[in-house]
Enquirer: 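This is the structure I have questions about; it appears just below.
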Amino acid sequence: MWPASPAALIAIQHELSTASPPPWRRGSGQPEIGGCIVCFPRGQAGPGSGGDRAWAAAAVLRGGRLIAEATVAGEARAPYIPGLLALREGPMLDAAVSALASPPDVLLVDATGRDHPRRAGLAVQLGAVLGLATVGVTHRPLLAAGAWPEDRDGASAPLLLGSEPVGAWLRTHRATRPLAVHPGWRTNIDTAVEIVLAAVSGHRTPEPLRRARTHARTARARDEAAHG
DNA sequence: GCGACAG
DNA sequence: ATCTTGTCGC
(Lines give C-alpha, C1' and ligand atoms only; values in the text may rest on other atoms or scores of the structure.)
Protein backbone atom coordinates (compact mmCIF):
# COMPACT_ATOMS: atom_id res chain seq x y z
CA MET A 1 0.00 0.00 0.00
CA TRP A 2 3.08 2.28 0.03
CA PRO A 3 4.26 2.32 -3.56
CA ALA A 4 7.78 3.32 -4.52
CA SER A 5 7.07 4.98 -7.84
CA PRO A 6 5.03 8.06 -8.76
CA ALA A 7 3.01 6.05 -11.29
CA ALA A 8 2.07 3.43 -8.72
CA LEU A 9 1.11 6.06 -6.14
CA ILE A 10 -0.98 7.96 -8.65
CA ALA A 11 -2.88 4.77 -9.49
CA ILE A 12 -3.66 4.25 -5.79
CA GLN A 13 -4.73 7.87 -5.45
CA HIS A 14 -7.20 7.43 -8.30
CA GLU A 15 -8.69 4.42 -6.49
CA LEU A 16 -8.88 6.25 -3.16
CA SER A 17 -10.61 9.23 -4.74
CA THR A 18 -13.72 7.13 -5.39
CA ALA A 19 -13.67 5.17 -2.11
CA SER A 20 -16.65 5.84 0.19
CA PRO A 21 -15.97 4.21 3.56
CA PRO A 22 -18.66 4.43 6.27
CA PRO A 23 -18.55 7.75 8.18
CA TRP A 24 -16.74 7.67 11.50
CA ARG A 25 -18.90 8.49 14.50
CA ARG A 26 -17.60 9.76 17.79
CA GLY A 27 -18.54 7.45 20.66
CA SER A 28 -19.45 8.45 24.18
CA GLY A 29 -16.81 9.81 26.51
CA GLN A 30 -13.50 11.47 25.70
CA PRO A 31 -12.17 10.46 22.29
CA GLU A 32 -8.59 9.28 22.04
CA ILE A 33 -7.06 11.66 19.52
CA GLY A 34 -3.73 10.87 17.94
CA GLY A 35 -1.30 12.93 15.93
CA CYS A 36 1.66 11.89 13.80
CA ILE A 37 4.53 13.78 12.26
CA VAL A 38 7.86 13.24 10.54
CA CYS A 39 10.90 15.51 10.79
CA PHE A 40 14.14 15.66 8.83
CA PRO A 41 17.77 16.54 9.65
CA ARG A 42 18.50 20.09 10.68
CA GLY A 43 20.17 22.10 7.97
CA GLN A 44 18.59 20.25 5.06
CA ALA A 45 16.20 22.66 3.40
CA GLY A 46 14.35 22.05 0.15
CA PRO A 47 12.58 18.97 -1.18
CA GLY A 48 15.29 16.55 -0.06
CA SER A 49 15.80 13.16 -1.68
CA GLY A 50 15.31 9.45 -1.16
CA GLY A 51 17.55 8.09 1.58
CA ASP A 52 17.21 11.20 3.75
CA ARG A 53 17.33 10.32 7.42
CA ALA A 54 13.92 10.83 9.01
CA TRP A 55 12.26 10.54 12.42
CA ALA A 56 8.56 9.97 12.90
CA ALA A 57 6.47 10.05 16.05
CA ALA A 58 2.87 9.47 17.03
CA ALA A 59 1.18 10.63 20.22
CA VAL A 60 -2.28 9.88 21.59
CA LEU A 61 -4.12 12.10 24.09
CA ARG A 62 -7.39 11.68 25.92
CA GLY A 63 -8.83 14.64 27.73
CA GLY A 64 -5.54 16.49 27.25
CA ARG A 65 -3.49 13.69 28.84
CA LEU A 66 -0.83 11.72 26.97
CA ILE A 67 -1.78 8.05 26.98
CA ALA A 68 0.50 6.61 24.29
CA GLU A 69 3.55 7.58 22.27
CA ALA A 70 5.86 5.96 19.77
CA THR A 71 8.91 7.15 17.85
CA VAL A 72 10.71 5.51 14.95
CA ALA A 73 13.81 6.38 12.94
CA GLY A 74 14.32 5.50 9.31
CA GLU A 75 14.77 6.94 5.85
CA ALA A 76 12.58 8.87 3.47
CA ARG A 77 12.03 6.99 0.23
CA ALA A 78 11.72 9.97 -2.11
CA PRO A 79 12.03 13.74 -2.31
CA TYR A 80 9.06 15.90 -1.49
CA ILE A 81 6.97 16.51 -4.59
CA PRO A 82 3.64 18.35 -4.27
CA GLY A 83 0.86 15.81 -4.77
CA LEU A 84 3.18 12.89 -4.02
CA LEU A 85 3.89 13.45 -0.33
CA ALA A 86 2.99 9.84 0.46
CA LEU A 87 6.05 8.72 -1.46
CA ARG A 88 8.29 10.56 1.01
CA GLU A 89 6.47 10.31 4.32
CA GLY A 90 3.82 7.58 4.12
CA PRO A 91 5.88 4.61 5.30
CA MET A 92 7.41 6.53 8.22
CA LEU A 93 4.05 7.77 9.49
CA ASP A 94 2.59 4.29 9.11
CA ALA A 95 5.47 2.85 11.16
CA ALA A 96 5.11 5.39 13.96
CA VAL A 97 1.34 4.93 14.35
CA SER A 98 1.65 1.15 14.05
CA ALA A 99 4.21 1.20 16.88
CA LEU A 100 1.64 2.61 19.33
CA ALA A 101 0.55 0.21 22.08
CA SER A 102 -3.04 0.90 21.02
CA PRO A 103 -4.44 2.97 18.15
CA PRO A 104 -6.38 6.22 18.71
CA ASP A 105 -10.03 6.73 17.81
CA VAL A 106 -9.07 9.35 15.28
CA LEU A 107 -5.71 10.48 13.90
CA LEU A 108 -4.47 13.94 12.95
CA VAL A 109 -2.07 14.02 10.00
CA ASP A 110 0.16 16.81 8.69
CA ALA A 111 -1.27 16.63 5.17
CA THR A 112 -4.28 17.46 3.04
CA GLY A 113 -7.19 15.22 2.19
CA ARG A 114 -9.37 16.01 -0.79
CA ASP A 115 -7.44 19.22 -1.39
CA HIS A 116 -5.23 17.38 -3.84
CA PRO A 117 -4.83 16.99 -7.64
CA ARG A 118 -6.55 13.58 -7.45
CA ARG A 119 -8.65 14.23 -4.34
CA ALA A 120 -6.55 11.78 -2.37
CA GLY A 121 -3.97 13.49 -0.17
CA LEU A 122 -1.87 11.66 2.40
CA ALA A 123 -4.43 12.16 5.18
CA VAL A 124 -6.88 10.07 3.16
CA GLN A 125 -4.35 7.41 2.22
CA LEU A 126 -2.84 6.97 5.69
CA GLY A 127 -6.30 6.45 7.15
CA ALA A 128 -7.14 3.87 4.50
CA VAL A 129 -3.89 2.00 5.09
CA LEU A 130 -4.19 2.00 8.87
CA GLY A 131 -7.96 1.56 8.99
CA LEU A 132 -8.27 4.69 11.12
CA ALA A 133 -10.43 7.79 10.88
CA THR A 134 -8.16 10.69 9.97
CA VAL A 135 -8.18 14.48 9.78
CA GLY A 136 -5.61 16.51 7.87
CA VAL A 137 -4.10 19.66 9.41
CA THR A 138 -1.83 21.93 7.37
CA HIS A 139 -0.50 25.48 7.47
CA ARG A 140 -1.95 26.19 4.05
CA PRO A 141 -3.99 24.52 1.31
CA LEU A 142 -2.39 22.65 -1.58
CA LEU A 143 -4.84 23.70 -4.30
CA ALA A 144 -7.93 24.94 -2.50
CA ALA A 145 -8.68 28.56 -1.66
CA GLY A 146 -10.97 30.57 0.56
CA ALA A 147 -11.17 33.76 2.59
CA TRP A 148 -9.98 33.62 6.19
CA PRO A 149 -12.58 33.56 8.97
CA GLU A 150 -12.86 36.34 11.51
CA ASP A 151 -10.21 36.45 14.25
CA ARG A 152 -12.18 34.58 16.88
CA ASP A 153 -11.47 31.19 18.49
CA GLY A 154 -13.34 28.47 16.64
CA ALA A 155 -14.30 30.57 13.62
CA SER A 156 -14.12 28.70 10.32
CA ALA A 157 -14.53 29.40 6.63
CA PRO A 158 -14.81 27.11 3.59
CA LEU A 159 -11.84 25.99 1.53
CA LEU A 160 -13.00 25.45 -2.03
CA LEU A 161 -11.55 23.55 -4.96
CA GLY A 162 -13.47 25.19 -7.74
CA SER A 163 -16.98 25.16 -6.31
CA GLU A 164 -16.46 22.05 -4.19
CA PRO A 165 -15.85 22.44 -0.43
CA VAL A 166 -12.84 20.27 0.44
CA GLY A 167 -11.88 21.63 3.83
CA ALA A 168 -12.00 24.65 6.08
CA TRP A 169 -9.84 27.41 7.47
CA LEU A 170 -10.11 27.14 11.24
CA ARG A 171 -9.15 29.73 13.83
CA THR A 172 -7.65 27.58 16.60
CA HIS A 173 -6.07 30.48 18.46
CA ARG A 174 -6.85 34.16 18.16
CA ALA A 175 -4.21 36.51 16.78
CA THR A 176 -2.60 33.69 14.78
CA ARG A 177 -3.28 32.67 11.22
CA PRO A 178 -5.90 29.96 10.80
CA LEU A 179 -5.06 26.32 10.13
CA ALA A 180 -6.30 24.46 7.09
CA VAL A 181 -8.40 21.48 8.22
CA HIS A 182 -9.06 18.61 5.83
CA PRO A 183 -11.48 15.70 6.11
CA GLY A 184 -9.46 12.53 5.63
CA TRP A 185 -10.53 8.89 5.91
CA ARG A 186 -14.14 8.43 7.17
CA THR A 187 -14.49 12.08 8.21
CA ASN A 188 -16.33 15.06 6.75
CA ILE A 189 -15.67 18.78 7.07
CA ASP A 190 -17.87 19.25 10.13
CA THR A 191 -16.43 16.35 12.10
CA ALA A 192 -12.90 17.30 11.04
CA VAL A 193 -13.38 20.77 12.51
CA GLU A 194 -14.94 19.30 15.67
CA ILE A 195 -12.03 16.94 16.19
CA VAL A 196 -9.41 19.63 15.72
CA LEU A 197 -11.16 21.95 18.15
CA ALA A 198 -11.41 19.10 20.67
CA ALA A 199 -7.65 18.55 20.33
CA VAL A 200 -6.59 22.19 20.74
CA SER A 201 -5.50 23.56 24.10
CA GLY A 202 -4.02 27.01 24.20
CA HIS A 203 -1.88 26.77 21.10
CA ARG A 204 -2.48 27.13 17.38
CA THR A 205 -1.41 23.56 16.67
CA PRO A 206 -3.54 20.71 18.08
CA GLU A 207 -1.88 19.08 21.09
CA PRO A 208 -1.41 15.57 19.62
CA LEU A 209 0.57 17.04 16.71
CA ARG A 210 2.62 19.24 19.05
CA ARG A 211 3.50 16.28 21.23
CA ALA A 212 4.36 14.09 18.26
CA ARG A 213 6.59 16.83 16.83
CA THR A 214 8.41 17.23 20.16
CA HIS A 215 9.05 13.50 20.40
CA ALA A 216 10.29 13.27 16.83
CA ARG A 217 12.66 16.21 17.30
CA THR A 218 13.94 14.79 20.57
CA ALA A 219 14.80 11.55 18.80
CA ARG A 220 16.51 13.57 16.06
CA ALA A 221 18.57 15.51 18.60
CA ARG A 222 19.69 12.29 20.30
CA ASP A 223 20.72 10.68 17.02
CA GLU A 224 22.41 13.77 15.63
CA ALA A 225 24.41 14.10 18.84
CA ALA A 226 25.48 10.46 18.60
CA HIS A 227 26.39 10.63 14.92
CA GLY A 228 26.58 13.62 12.55
C1' DG B 1 7.05 29.17 -21.38
C1' DC B 2 6.58 30.62 -16.35
C1' DG B 3 5.27 30.32 -11.69
C1' DA B 4 3.01 27.76 -7.95
C1' DC B 5 3.29 23.84 -5.14
C1' DA B 6 0.74 19.58 1.67
C1' DG B 7 5.77 18.34 4.01
C1' DA C 1 10.46 20.32 5.82
C1' DT C 2 14.39 23.81 8.00
C1' DC C 3 16.58 28.48 9.00
C1' DT C 4 16.55 33.41 11.29
C1' DT C 5 15.53 37.53 14.02
C1' DG C 6 12.69 39.98 16.71
C1' DT C 7 8.59 40.44 19.59
C1' DC C 8 4.92 39.45 22.75
C1' DG C 9 3.05 37.02 26.70
C1' DC C 10 2.93 33.88 30.85
Side-chain angles (χ1 to χ4, degrees), chain A residues 2 6 9-10 12-13 16-17 35-58 72-97 107-127 134-146 151 153 159-162 166-170 173-185 187 192 196 201-206 209-210 212-221 223-224 228:
Chain A
W2 296 115
L9 173 58
I10 288 169
I12 289 172
Q13 289 172 340
L16 286 172
S17 70
C36 58
I37 200 114
V38 51
C39 70
F40 297 94
R42 297 178 52 113
Q44 289 189 9
S49 59
D52 285 348
R53 198 95 179 98
W55 296 264
V72 300
E75 291 182 355
R77 298 190 185 176
Y80 165 67
I81 299 168
L84 302 178
L85 179 61
L87 236 39
R88 180 165 176 78
E89 298 189 355
M92 291 291 296
L93 293 174
D94 184 345
V97 177
L107 179 71
L108 306 182
V109 187
D110 249 28
T112 68
R114 293 181 299 191
D115 172 19
H116 182 274
R118 289 162 292 280
R119 308 296 191 275
L122 179 54
V124 173
Q125 188 174 359
L126 186 62
T134 57
V135 172
V137 176
T138 63
H139 294 300
R140 58 186 184 195
L142 178 54
L143 301 173
D151 189 0
D153 281 1
L159 273 168
L160 306 174
L161 233 184
V166 295
W169 283 119
L170 178 63
H173 192 58
R174 65 168 195 76
T176 65
R177 57 174 283 144
L179 287 175
V181 173
H182 311 262
W185 189 246
T187 55
V196 171
S201 62
H203 295 272
R204 174 175 181 254
T205 304
L209 287 174
R210 296 185 72 237
R213 175 173 283 115
T214 297
H215 286 297
R217 288 180 172 175
T218 298
R220 178 181 65 182
D223 289 355
E224 289 189 336

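Proteins get letters first, then strands, A, B, ... in listed order; numbering begins at 1 in each.
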Enquirer: Provide, to the nearest angstrom, the distance between the CZ atom belonging to A/Arg140 and the P atom belonging to C/dA1.
Expert: 10 Å

Enquirer: Quick one: A/Gln13 CD to B/dA6 P, roughly how many Å, whole number?
Expert: 15 Å

Enquirer: Need one value for A/Gly83: base, sugar-phosphate or nothing, where a base atom within 4.0 Å counts as base even if backbone is also close, heavy atoms only.
Expert: base

Enquirer: Please confirm whether any donor atom in the side chain of A/Thr112 sits under 3.5 Å from an acceptor in the base of B/dA6, or the reverse.
Expert: yes

Enquirer: Within the structure shown, what part of the strands sits under 4.0 Å from A/Gly48 by heavy-atom distance: base, sugar-phosphate, or nothing?
Expert: nothing

Enquirer: Is A/Arg114 touching bases, backbone alone, or none of the nucleic acid, heavy atoms closer than 4.0 Å?
Expert: nothing

Enquirer: Whether the side chain of A/Asp115 engages the backbone of A/Leu142 through a donor-acceptor N/O pair (distance < 3.5 Å, no angle test) should be reported.
Expert: yes

Enquirer: Of all the nucleotides listed (C/dT2, B/dG7, B/dA6), which has the minimum atom distance to the side chain of A/Glu89?
Expert: B/dG7

Enquirer: Starting from the C-alpha separation in whole Å, work towards a yes-or-no answer on side chain to side chain contact (heavy atoms under 4.5 Å, CB included) for A/Trp185 and A/Leu16.
Expert: CA-CA 10 Å; A/Trp185 189 246; A/Leu16 286 172; 4.2 Å; yes

Enquirer: Could you check how far NE2 of A/His116 sits from C1' of B/dA4, rounded to whole Å?
Expert: 15 Å

Enquirer: Which is true for A/Leu122 with a 4.0 Å heavy-atom rule: it touches a base, it touches only sugar-phosphate, or it touches nothing?
Expert: base

Enquirer: Just the rounded figure in Å: distance from P of C/dG9 to CZ of A/Arg174.
Expert: 9 Å

Enquirer: May I have the distance from A/Leu85 (atom CG) to C/dA1 (atom C1'), rounded to whole angstrom?
Expert: 10 Å

Enquirer: Can you check whether A/Tyr80 stacks with the B/dG7 base, using ring centres under 5.5 Å and planes within 30°?
Expert: yes

Enquirer: Which residue is it: A/Val166, A/Thr138, A/Val135, A/Thr187? I am looking for the one with a side chain to side chain contact (heavy atoms under 4.5 Å, CB included) to A/His182.
Expert: A/Thr138

Enquirer: Under 4.0 angstrom, heavy atoms only, what part of the nucleic acid is A/Leu87 near: base, sugar-phosphate, or nothing?
Expert: nothing

Enquirer: Are A/Leu108 and A/Cys36 close enough, and set up right, to give a side chain to side chain contact (heavy atoms under 4.5 Å, CB included), and what steps lead you there?
Expert: CA-CA 7 Å; A/Leu108 306 182; A/Cys36 58; over 6 Å; no

Enquirer: Does A/Arg88 put a side-chain nitrogen or oxygen below 4.0 Å from OP1 or OP2 of C/dA1?
Expert: no

Enquirer: What's A/Gly43 touching, base or sugar-phosphate or nothing? Going by heavy atoms closer than 4.0 Å.
Expert: sugar-phosphate

Enquirer: Do A/Arg220 and A/Phe40 form a cation-pi contact, if we require the NZ or CZ to be under 6.0 Å from the six-membered ring centre and within 45 degrees of the ring's axis?
Expert: no

Enquirer: For A/Leu209 and B/dA6, give me the distance from atom CG to atom P, rounded to whole Å.
Expert: 17 Å

Enquirer: Could you summarise the pairing of DNA chain C as dot-bracket text, marking Watson-Crick and G-U pairs under 3.5 Å with ( ) or [ ] inside the strand and | across strands?
Expert: ..........

Enquirer: Applying the side chain to side chain contact (heavy atoms under 4.5 Å, CB included) test to A/Arg213, which of A/Thr205, A/Val38, A/Thr218 qualifies?
Expert: A/Thr205

Enquirer: For the residue pair A/His215 / A/Arg210, report whether a side-chain donor-acceptor contact shorter than 3.5 Å exists.
Expert: no

Enquirer: Could you tell me how far apart A/Asp110 (CG) and B/dC5 (P) are, to the nearest whole angstrom?
Expert: 18 Å

Enquirer: How many Å lie between CD1 on A/Ile37 and P on B/dA6, as a whole number?
Expert: 15 Å

Enquirer: For A/His139, answer base if it contacts any base atom (sugar-phosphate contacts may also be present), sugar-phosphate if it contacts only those atoms, and nothing otherwise; contact means non-hydrogen atoms under 4.0 Å.
Expert: sugar-phosphate

Enquirer: For C/dT2 and A/Arg217 - does any side-chain N or O of the residue sit under 4.0 Å from the phosphate oxygens OP1/OP2?
Expert: yes

Enquirer: So does A/Ala180 get a backbone contact from the side chain of A/His139, meaning a donor-acceptor N/O pair under 3.5 Å?
Expert: no

